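Working notes for the structure below.
In what follows, chains carry the letters A, B, and so on, assigned in the order in which the sequence lines appear, proteins first and then strands, with residues in each chain numbered from 1. Just so we're clear, the structure is a prediction, and the values are computed from it rather than from any experiment.
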Number of protein chains: 2
Amino acid sequence: MKKRKFFLTKAIFDIYRNSLAYISSRVAQFGIGRGQWYFINHLLFGRDGISQEQLSKELFVDSAHTARAVKKLEDGGFVFRKPDLRDARKKNVYVTEKAIAIKDDYHKLYQDLNKILVDGFTPEELKLVRSFFYRMRKNIVSYMGNSERDFPR
Amino acid sequence: MKKRKFFLTKAIFDIYRNSLAYISSRVAQFGIGRGQWYFINHLLFGRDGISQEQLSKELFVDSAHTARAVKKLEDGGFVFRKPDLRDARKKNVYVTEKAIAIKDDYHKLYQDLNKILVDGFTPEELKLVRSFFYRMRKNIVSYMGNSERDFPR
DNA sequence: ATAAATTAGTTGACTAATCAACTATATTTT
DNA sequence: AAAATATAGTTGATTAGTCAACTAATTTAT
């Protein structure tokens, strides 16, 4: 079996797919689908009330997808939408009590996944991991013309 | 703007999405779709002739998707399939001359993306990046019950 | 040797995600 | 001020990807 060159993209791809499988199978218990978890995550953990457009930008997904995903979350009672007071085109998305009620369980999911990913890493290595990921993200996001300044990490 | 906790999953997700956008828009010129590039990549760079089942395992995707993606690549002239000599259920997938003809250009795409991702990293940091990614991938893949021993990185 | 269970790939049904086109609203240009 | 252009969200069409059910081939159990 021939030794292959290490492709960063393959590793990213593999980590992503496995992480996605992990999360998706677990958010189902909350009645949240594979295509919505990251929206509610984003809203629950600090970005409540932002517009759909901003959600699209911050999650690097298409507005069509955002509109549909947010609608599903709204139908499921996890969010509600209100037009922006200064711009009637904009719809701001807010979490409901139902969403807040699962916040801790939800958060635990992420922590558990995080622990799996960094199992065996020293605290010093963890610092490096964070730094490297932040920098790589910044590199690709900037390159693709997406502004990362618009939102915090 | 409130400072948020750094979630590794969000960084992975962001890097993945932006990288996917980068690759997908560029492989289109070869007549390869968003859902197929990583299959042909895998075959071109060292795994020519493996079965569909193995492709699914190594790429962490569902056999239904593999069957369809491989069929598209076959229809596009990039691969051909042959039944395995020892197990009539298995179909092995091979690259064609057409695929080999684009190998270098294809490879350049990956290198360019890699350069973008690791821009500003020192050689020492690069070594760490590789090690960290390898370990994290191993962590999640093992946790999910997928064997990484079956294929090299 | 035969029956039962498992496996590899395919097809169906569904959700997810992108690209395109559109409408209403807002901003910029004339 | 009116016209032209850009923007935010929605809908349509399409591709991608998963879960489920199925068939044919293989392996395991009886």
What I want to find out is whether B:Lys115 reaches B:Asp119 closely enough, with some N-O distance under 4.0 Å, to be called a salt bridge. no
Cation over ring face, B:Arg26 and B:Tyr22, 6.0 Å, 45°: yes
Regarding A:Asp87, tell me which of base, sugar-phosphate or nothing describes its non-hydrogen contacts under 4.0 Å with the strands shown. sugar-phosphate
C:dT18 C1' sits how many Å from B:Gln36 CD, rounded? 14 Å
Has B:Gln54 got a side-chain N or O lying under 4.0 Å from the OP1 or OP2 atom of C:dA8? no
Please evaluate the base of D:dT18 for a donor-acceptor partner in the side chain of B:Arg68 within a cut-off of under 3.5 Å? yes
By nearest atom, which of the nucleotides C:dT10, C:dT18, C:dA17 is closest to the A:Tyr38 side chain? C:dA17
Any salt bridge between A:Asp75 and A:Lys71, counting N to O under 4.0 Å? yes
Rounded to whole Å, how long is the line connecting atom CG of B:Leu20 with atom C1' of C:dA16? 13 Å
Does this structure show an ion pair linking A:Lys91 with A:Glu74, if we count only N-O contacts that are shorter than 4.0 Å? no
By nearest nucleotide on DNA chain D, pick out whichever of B:Phe39 and A:Lys71 is the more 5' one. A:Lys71
Between atom CD1 in A:Ile50 and atom P in D:dG9, what is the gap in whole Å? 10 Å
Any base atoms under 4.0 Å from B:Ser24, or only sugar-phosphate, or nothing? Heavy atoms, all strands. nothing
Residue met sooner reading DNA chain C from 5', once B:Ala67 and A:Arg34 are mapped to nucleotides: B:Ala67
Below the 4.0 Å mark, does C:dA16 have OP1 or OP2 next to a side-chain nitrogen or oxygen of A:Lys72? yes
Side-chain N,O (A:Lys90) to OP1/OP2 (C:dA26) below 4.0 Å: no
Is the phosphate of C:dA17 approached by B:Arg17 (side-chain N or O, under 4.0 Å from OP1 or OP2)? yes
Does D:dT10 have OP1 or OP2 sitting under 4.0 Å from an N or O in the side chain of A:Gln52? yes
Check the distance between C:dC14's P and B:Asp62's CG and give it to me in whole angstrom. 16 Å
Output yes when at least one side-chain N/O atom of B:Lys91 is less than 4.0 Å from OP1 or OP2 of C:dT10, else no. yes
In whole angstrom, give the distance that lies between atom CH2 of B:Trp37 and atom P of C:dT18. 14 Å
Toward the 5' end of DNA chain C, which comes first, A:Ser63 or A:Ile32, by nearest nucleotide? A:Ile32
For A:Ala64, report the nucleic acid contact type (base, sugar-phosphate, nothing); a contact means any heavy atom under 4.0 Å. base
Walk me through whether A:Lys108 and A:Asp104 qualify under salt bridge (Lys or Arg N to Asp or Glu O under 4.0 Å). CA-CA 6 Å; A:Lys108 188 169 187 305; A:Asp104 290 344; over 6 Å; no
